[in-house]
Amino acid sequence: MEVHAEEILKRPLTNTFGAELQGIDLAADQDAAIIEYVRSLWHKHKLLLFRDQKLEEAQLVRFSRHFGPLEIHLRKEYLSRENPEVLLVSNVKESGKTVGILADREVGWHYDQIYLEHPAVGSLLYSLKIPPQGGNTYFADMHSAYEALPNATKNRIAGHQAVQSYEAFNQMYSEPTSKEQKEKTPNVTHPMVRTHPYTGRKALYICPGMTTQIVGLPKEESDALLAELFDWCTRPEFVYTHSWQKGDALLWDNACTMHRRDPFDGRHERLLKRTTILPDAEKAKPY
Ligand code: OGA
Ligand code: MN
């Protein structure tokens with residue numbers, strides 16, 4: 001099947017990254033050529049917006065699988081019962097218990113699953129219920145932020161590793177983990193600059209929500225350098241703000257963008273469903 005690229009690409013979301021696509025029904029059985037094209041756009045634009053989607057969970061899973069194996073999130077309490085590849089992100093309550101993760105609170109800048117030994121390369125977040133205001137999600141283009149760094153800073157961080165802590169994130173922004181979950185998520189270290197497993201592009205691979213320390217630097221120096229880098233990569237020119245509509249699906253490149261979310265009024269319900277995309281086996285080697 002021929003792909004009419006100019007009909008699919010609707011508009012850029014910012015000057016450096018993000019694109020809205022049109023004419024693709026994620027619920028449909030997709031032609032391989034379309035999937036390949038979407039994959040190339042995902043890598044090129046780093047963040048893809050599909051509007052007006054109507055997806056069953058199985059369809060969300062099927063579409064997501066085209067981009068890599070799916071992770072089963074370790075927060076089992078927030079997984080869809082029918083489809084464990086689907087993580088509920090929500091403040092909706094059932095029998096007095098919140099069905100989803102993150103509820104209505106502010107969520108600081110983070111990369112999804114940066115705390116894994118072989119971290120995720122993508123996430124697809126699909127919205128079913130959106131409050132009238134609040135709950136915007138912000139994305140930072142960590143590839144452009146890295147590229148624009150002064151050479152002196154690039155040299156300063158080259159070859160350095162940083163500690164990533166899920167525990168730190170949970171204390172600030174999420175629900176505490178169980179003892180068993182804690183044991184499964186020890187701190188890990190990753191290079192501060194991640195080379196993208198598919199595109200080879202370099203991006204800053206640190207985030208205020210989980211990066212606690214640059215390995216080998218005294219704490220004060222590490223804190224100061226991280227603060228400087230976080231100020232840099234969250235400058236407006238690297239950030240896209242997404243104001244959600246029901247039916248939006250956002251597919252992001254989780255190897256070179258990080259995101260955060262505003263809080264919202266918990267009297268309103270918000271429900272999104274997320275899949276998390278891991279690198280294909282041959283791309284998952286340590287880096
Ligand atoms: C996520 C996340 C943001 C949001 O699902 O990974 O960070 O807008 N969610 O709820
Ligand atoms: Mn997230």
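Quick note: numbers below take in every heavy atom, side chains included, and nothing from hydrogens, waters or symmetry partners. Both ligands and their constituent atoms are indexed starting at 1 by order of listing.
- Taking 2.8 Å as the limit, the number of protein N, O or S atoms around the Mn ion (ligand 2) is 3.
- A distance-only check finds no donor-acceptor pair linking the side chain of Glu221 to the backbone of Pro218 [under 3.5 Å].
- Judged as a salt bridge (Lys or Arg N to Asp or Glu O under 4.0 Å), the pairs with a partner in residues 123-142 (not counting sequence neighbours) are, in order, Lys46-Asp141, Lys129-Glu269.
- At most 12 heavy atoms of other shown residues, nucleotides or ligands fall within 6.0 angstrom of atom CD in Gln133.
- When the shell of 6.0 Å around NZ of Lys93 is examined, it contains 12 or fewer heavy atoms from other residues, nucleotides or ligands.
- Side-chain atoms of His259 and Asp112 form a donor-acceptor pair, as typed in the model, at a separation below 3.5 Å.
- Aromatic ring centres of Trp109 and Phe230: separated by at least 6.0 Å.
- Using a 4.0 Å heavy-atom criterion, the residues that approach ligand 1 are Val89, Leu102, His110, Asp112, Leu125, Thr137, Trp244, His259, Arg261, Arg270, Arg274.
- Around CG of Asn15, the count of heavy atoms belonging to other residues, nucleotides or ligands within 6.0 Å does not exceed 12.
- Evaluation of the side chain to side chain contact (heavy atoms under 4.5 Å, CB included) rule for Glu20 yields Lys10, Arg11, Leu13, Leu49, Arg51 as partners, not counting sequence neighbours.
- If you look at Tyr78 and His73, their ring centroids are not closer than 6.0 Å.
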